[in-house]
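See below for the structure under consideration.
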Amino acid sequence: MLVSRQNAVTQWRKLLQFKDLGLDNRLLKTVKHFDFKQATEIQQQAIPVAIAGKDLLASSKTGSGKTLAFVLPMLHKSLKSKAFSAKDPRGVILAPTRELAKQVYGELRTMLSGLSYDATLIVGGENFNDQVKALRRNPKFIVATPGRLADHLEHRSLFLDGLETLILDEADRMLDLGFAPELLRIHRAAKHRRRQTLMFSATLDHADVNDIALKMLNAPKRIAIGVANAEHKDITQKFYLCDHLDHKEALLERVLDEANYKQLIIFTATRVDTERLTEKLNAAKLKAVALSGNLNQNQRNTIMSQFERGVFKILVTTDVASRGLDIANVTHVINFDMPKHTEEYVHRVGRTGRAGNKGDAISLVGPKDWDSFKRVEAYLQQDLSFSEFADLKGKFKGIKPRKPSVVKGKAQSSKKPKAQGHKQDKKPAKRDKSFYQNVAVGDDVFVPRKKKTPPSEPQE
């Protein structure tokens with residue numbers, strides 16, 4: 001009976017649409033206009049909780065539709081209640097990177113169409129004074145990166161005394177990037193009992209996320225949709241072993257020749273590799289463009305806009321684009337280098353297979369990538385196998401873990417050997433205390449010598 005009831009609840013949730021979530025009719029018209037019908041699981045569970053005014057700590061896998069899960073209740077609250085302040089923003093959304101902030105800002109603007117609200121984007125790398133002018137127009141909603149927003153608070157070009165909703169998107173990533181002081185600075189600037197805080201993270205098993213949640217959230221409702229390391233059914237993962245850089249580039253060339261891709265993202269470890277590979281791809285008459293952290297914001301915006309419009313088929317980038325990039329035509333992701341941080345693998349491959357589409361994720365694993373590969377394997381809790389091309393087989397077969405040395409059938413002691421140069425403590429030798437005719441003969445007996453008195457001079 002219990003199992004059948006759970007199945008019924010699960011089936012009911014699958015059939016929920018946005019109109020069943022209690023949203024304002026003005027928002028439902030916009031949702032309908034953009035052909036959003038059935039709500040995703042994170043939207044079904046998060047939106048009613050947020051509409052009820054409760055703080056929220058939620059996690060869901062990438063591509064699950066969590067942006068609408070916090071944008072819609074924030075706008076619903078603004079439509080249904082009076083503003084706390086005429087000048088201060090009603091909602092602030094924080095994102096860890098400029099790319100993700102721009103992506104969220106785009107979705108917010110979409111939902112604001114038809115409403116009399118305005119929004120602004122405040123991120124690093126853009127003109128500070130222009131942002132001050134935008135803030136003086138008192139936008140009702142702000143999408144920002146934590147560092148730049150904290151700078152505006154410091155310069156008193158922004159006040160958050162009347163903030164109604166504070167949203168942290170990818171909170172784990174913000175903390176990994178060292179934004180905890182800025183988050184607490186923003187929290188103190190808007191610290192009042194009526195503020196609602198919605199925190200989204202790729203995982204709730206993150207010590208720093210839970211620590212900052214205790215400081216910023218008030219009795220939050222916890223929602224976890226799936227797990228971050230769950231297998232993505234819409235993404236096919238393949239791994240190829242590589243001997244060295246030339247072998248890796250040869251495998252990349254073969255993959256590109258055989259892959260039937262619409263658009264493709266290649267992730268590298270360094271921005272030098274992004275530029276080098278882009279030159280090689282363009283020399284082969286493949287439309288490729290490089291994106292890395294050394295570009296200014298205008299350059300990055302131009303590149304992302306061109307890639308989204310299909311001007312380029314291949315984007316070669318570092319982890320700067322591993323989060324926040326939502327392009328339906330990205331059918332393939334290639335890890336030319338394995339990521340240093342395990343969670344970034346999930347976010348990288350999550351750039352494909354979005355919104356129900358199928359995707360392929362291909363990883364090239366060389367000797368330098370082996371440790372990262374094993375960490376990914378442990379994180380995904382899967383036994384990952386390797387594919388190969390018959391004419392491009394390599395000699396590298398992985399690195400076997402070191403075994404403890406064995407001496408005479410017994411494992412060598414785990415005790416650290418004493419450092420050289422230090423004498424080991426020895427027991428004092430037993431002294432010979434024998435006597436012969438009441439004279440000690442076993443040891444040299446110290447007998448003080450009597451001082452000789454100088455002879456007296458003869459008297460005259």
Side-chain angles (χ1 to χ4, degrees), residues 6 9-24 27-28 30-31 34-77 91 93-96 100-101 103-104 106-108 110-111 143 165-174 196-206 209-210 213 217 220-235 322-326 328 343 346-347 349-357 359:
Q6 290 176 344
V9 171
T10 303
Q11 186 65 25
W12 173 75
R13 280 180 174 168
K14 288 181 179 179
L15 297 175
L16 273 181
Q17 297 184 348
F18 284 101
K19 64 181 181 180
D20 303 316
L21 301 178
L23 291 167
D24 187 276
L27 291 176
L28 291 177
T30 305
V31 168
F34 288 98
D35 203 26
F36 295 123
K37 294 178 181 178
Q38 185 173 311
T40 64
E41 192 172 358
I42 184 62
Q43 292 163 357
Q44 294 174 25
Q45 295 199 40
I47 290 175
V49 173
I51 286 178
K54 297 181 180 295
D55 283 6
L56 180 64
L57 179 58
S59 71
S60 65
K61 64 181 181 180
T62 183
S64 61
K66 61 180 173 58
T67 304
L68 285 185
F70 57 72
V71 165
L72 289 175
M74 178 185 71
L75 298 180
H76 173 87
K77 183 177 182 179
I93 304 173
L94 299 175
L100 181 55
Q103 189 77 35
V104 172
E107 293 198 40
L108 174 61
T110 298
M111 291 297 107
V143 181
T165 307
L166 176 62
I167 298 169
L168 286 75
D169 190 15
E170 303 282 10
D172 56 328
R173 179 65 169 160
M174 283 191 275
Q196 183 183 21
T197 307
L198 310 178
M199 183 181 291
F200 286 76
S201 172
T203 175
L204 299 184
D205 298 326
H206 192 295
V209 168
N210 285 281
L217 276 65
K221 171 72 175 179
R222 297 172 69 95
I223 296 175
I225 306 299
V227 290
N229 59 355
E231 183 178 2
H232 201 309
K233 296 180 180 179
D234 294 328
I235 300 176
S322 65
R323 304 192 187 206
L325 189 63
D326 189 3
E343 296 84 356
V346 177
H347 290 285
V349 302
R351 296 311 98 199
T352 186
R354 301 180 73 83
N357 296 316

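- Shown here are the side-chain contact (heavy atoms from CB on, under 4.5 Å) partners of Lys221, two or more places apart in sequence or in another chain: Val49, Leu56, Ile223.
- With Gln45 contributing its side chain and Ile42 its backbone, the two residues share no donor-acceptor pair below 3.5 Å.
- To the nearest 0.5 angstrom, Gln44 atom CD is 6.5 Å from Gln38 atom CD.
- In this structure, the separation between CD1 on Ile93 and CG on Leu108 is 5.0 Å, given to the nearest 0.5 Å.
- A pairwise comparison of heavy atoms in Gly53 and Gln196 identifies C-NE2, 3.3 Å as the closest pair.
- In this structure, OG1 on Thr40 lies 8.0 Å from CG on Leu68, to the nearest 0.5 angstrom.
- Asp55 places none of its side-chain heavy atoms less than 4.5 Å from the side chain of Met199.
- For Thr197 against Leu168, the heavy-atom pair with the smallest separation is CG2-CD1, 4.1 Å.
- Shortest non-hydrogen contact noted between Leu198 and Lys54 is CD2-O, 3.9 Å.
- Put simply, the side chain of Asp172 never gets that close to the backbone of Ser201: no donor and acceptor are under 3.5 Å apart.
- Separation of atoms CD1 (Ile47) and CG (Asp20) is listed at 11.0 Å; rounding is to 0.5 Å.
- Scanning all heavy atoms of the two residues, the minimum distance from His76 to Leu27 falls at N-CD1, 3.6 Å.
- Side chain of Glu170 to backbone of Ala95: no donor-acceptor contact under 3.5 angstrom is found.
- When all heavy atoms of Ala39 and Leu21 are compared, the pair lying nearest together is CB-CD1, 4.0 Å.
- The shortest heavy-atom contact between Phe18 and Gln43 is CZ-OE1, 3.2 Å.
- Put simply, CG on Leu72 and NZ on Lys77 are 15.0 Å apart, with the number rounded to the nearest 0.5 Å.
- Atom NZ of Lys66 and atom CD1 of Ile167 lie 11.0 Å apart (nearest 0.5 Å).
- For Thr30, the side chain to side chain donor-acceptor pair (under 3.5 Å) criterion is met by no residue, not counting sequence neighbours.
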